[in-house]
Amino acid sequence: LRQLMSYNPQTGKLFWKERGSEWFKYPAQAKKWNRHYANKEAFTPINSRGYHTGTVKGKMPQAHRIAWAITHGRWPDHFIDHINGVRSDNRLANLREATNAQNGRNRGVQKDSESGIKGVRFDRRYGRWQARITVHGKQKHLGYYDTPEAAAAAYAEGARRYHGEFARTA
């Protein structure tokens, strides 16, 4: 990867490096490739899930995984989490290695959420707002509240307590 691309950790962008004729069957292909791609930004398309993607030697890795590999000299053992939740933001300061569970803790509110607040739902049986959180794969009840704001505050406290640095409250 380091032979093919460079990575700017401040901007999170990847750039194609110039390639010698040894990368191609014919020297004219190298000239054409370099004219079109060398020193230009790589992995600019954003897929349907919000990640920068592209193709390298027939494979389709995501840009944040390439950035990690170029910087650390190895592929990540697990997932790469975008700290701010913006999947297209590949600045090194926004990337961290995470397990599947840790990565899930840093997800925002689900699109189908009726309340629009992470960890908060309205319980019609009691006519109150419930706060709950998933801990080690199980739902944990955090209490019933009169307002969605109070339930959101309870969820935020629970997220900091149970999820630590991976806590995301919105």
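Quick caveat, the model's predicted, so the values are computed rather than measured. All residue numbers in this chain count up from 1 along the given sequence. When reading the values below, keep in mind they use all heavy atoms of this one structure, side chains included, and skip hydrogens, waters and symmetry mates.
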Taking every non-hydrogen atom, the tightest pair across [X] and [Y]:
{"X": "A150", "Y": "Y145", "answer": "CB-CB, 3.8 Å"}
{"X": "V120", "Y": "S115", "answer": "O-OG, 2.6 Å"}
{"X": "N39", "Y": "F15", "answer": "O-CD2, 4.0 Å"}
{"X": "G116", "Y": "S113", "answer": "N-OG, 3.0 Å"}

Between N103 and H78, do the side chains contain a donor N or O and an acceptor N or O under 3.5 Å apart?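 H78 vs N103: no donor-acceptor pair found between side chains.
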
Give every donor-acceptor pair under 3.5 Å between a side-chain atom in residues 121-136 and any protein atom, sequence neighbours left out.
| unit_1 | atom_1 | unit_2 | atom_2 | d |
| --- | --- | --- | --- | --- |
| R121 | NE | Q130 | OE1 | 2.8 |
| R121 | NH2 | D123 | OD2 | 3.4 |
| R121 | NH2 | Q130 | OE1 | 3.2 |
| D123 | OD1 | R125 | N | 3.0 |
| D123 | OD1 | R125 | NE | 3.4 |
| D123 | OD2 | R125 | NH2 | 3.2 |
| D123 | OD2 | Y144 | OH | 3.0 |
| R128 | NE | D146 | OD1 | 3.2 |
| R128 | NH2 | D146 | OD1 | 3.3 |
| Q130 | NE2 | H141 | ND1 | 2.8 |
| R132 | NE | Q139 | OE1 | 3.4 |
| T134 | OG1 | Q139 | NE2 | 2.8 |

Inter-residue atom distance [X].[atom1] - [Y].[atom2], 0.5 Å rounding:
{"X": "N84", "Y": "N94", "atom1": "CG", "atom2": "CG", "result": "3.5 Å"}
{"X": "K13", "Y": "T11", "atom1": "NZ", "atom2": "OG1", "result": "6.0 Å"}
{"X": "N47", "Y": "S88", "atom1": "CG", "atom2": "OG", "result": "10.5 Å"}
{"X": "Y51", "Y": "H64", "atom1": "OH", "atom2": "NE2", "result": "5.5 Å"}
{"X": "Y7", "Y": "F43", "atom1": "OH", "atom2": "CZ", "result": "13.5 Å"}
{"X": "T99", "Y": "F166", "atom1": "OG1", "atom2": "CZ", "result": "7.0 Å"}

Side-chain donor-acceptor contacts of residues 16-32 below 3.5 Å, not counting sequence neighbours, with atom names and distances?
| unit_1 | atom_1 | unit_2 | atom_2 | d |
| --- | --- | --- | --- | --- |
| K17 | NZ | R2 | O | 2.6 |
| Q29 | OE1 | K25 | N | 3.2 |
| Q29 | OE1 | Y26 | N | 3.0 |

Heavy-atom side-chain contact between [X] and [Y] under 4.5 Å:
{"X": "Q62", "Y": "H52", "result": "no"}
{"X": "T71", "Y": "L95", "result": "no"}
{"X": "Y155", "Y": "I117", "result": "no"}
{"X": "Y162", "Y": "K140", "result": "yes"}
{"X": "I46", "Y": "T53", "result": "no"}
{"X": "I66", "Y": "W75", "result": "yes"}

Taking atom NZ of K59 as the centre, does the number of heavy atoms from other residues, nucleotides or ligands within less than 6.0 Å exceed 12? no

A quick test of your reading: do over 12 heavy atoms of other residues, nucleotides or ligands sit less than 6.0 Å from CZ of R49?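 Atom CZ in R49 is not crowded, with 12 or fewer foreign heavy atoms closer than 6.0 Å.
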
Could you walk me through whether H82 and N90 pass the side chain to side chain donor-acceptor pair (under 3.5 Å) test, one step at a time? CA-CA 8 Å; H82 290 81; N90 293 323; 2.9 Å; yes

Taking R168 as the fixed residue, which of K118, R107, H163 is the one that meets the side-chain contact (heavy atoms from CB on, under 4.5 Å) rule?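 It is K118; the other options fail the test.
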
Between [X] and [Y], is there shared hydrophobic-cluster membership here, with clusters defined by ILVMFWY side-chain heavy atoms closer than 4.5 Å?
{"X": "I80", "Y": "I70", "answer": "yes"}
{"X": "L1", "Y": "Y37", "answer": "yes"}
{"X": "L14", "Y": "V56", "answer": "yes"}
{"X": "L92", "Y": "M5", "answer": "yes"}

How would you list, by chain and number, every residue that makes a side chain to side chain contact (heavy atoms under 4.5 Å, CB included) with E165, sequence neighbours excluded?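 For E165 the side chain to side chain contact (heavy atoms under 4.5 Å, CB included) partners, ignoring immediate neighbours, are R96.
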
Go through Q102 and D81 one step at a time and tell me if the side chain to side chain contact (heavy atoms under 4.5 Å, CB included) criterion holds. CA-CA 8 Å; Q102 289 169 326; D81 180 52; over 6 Å; no

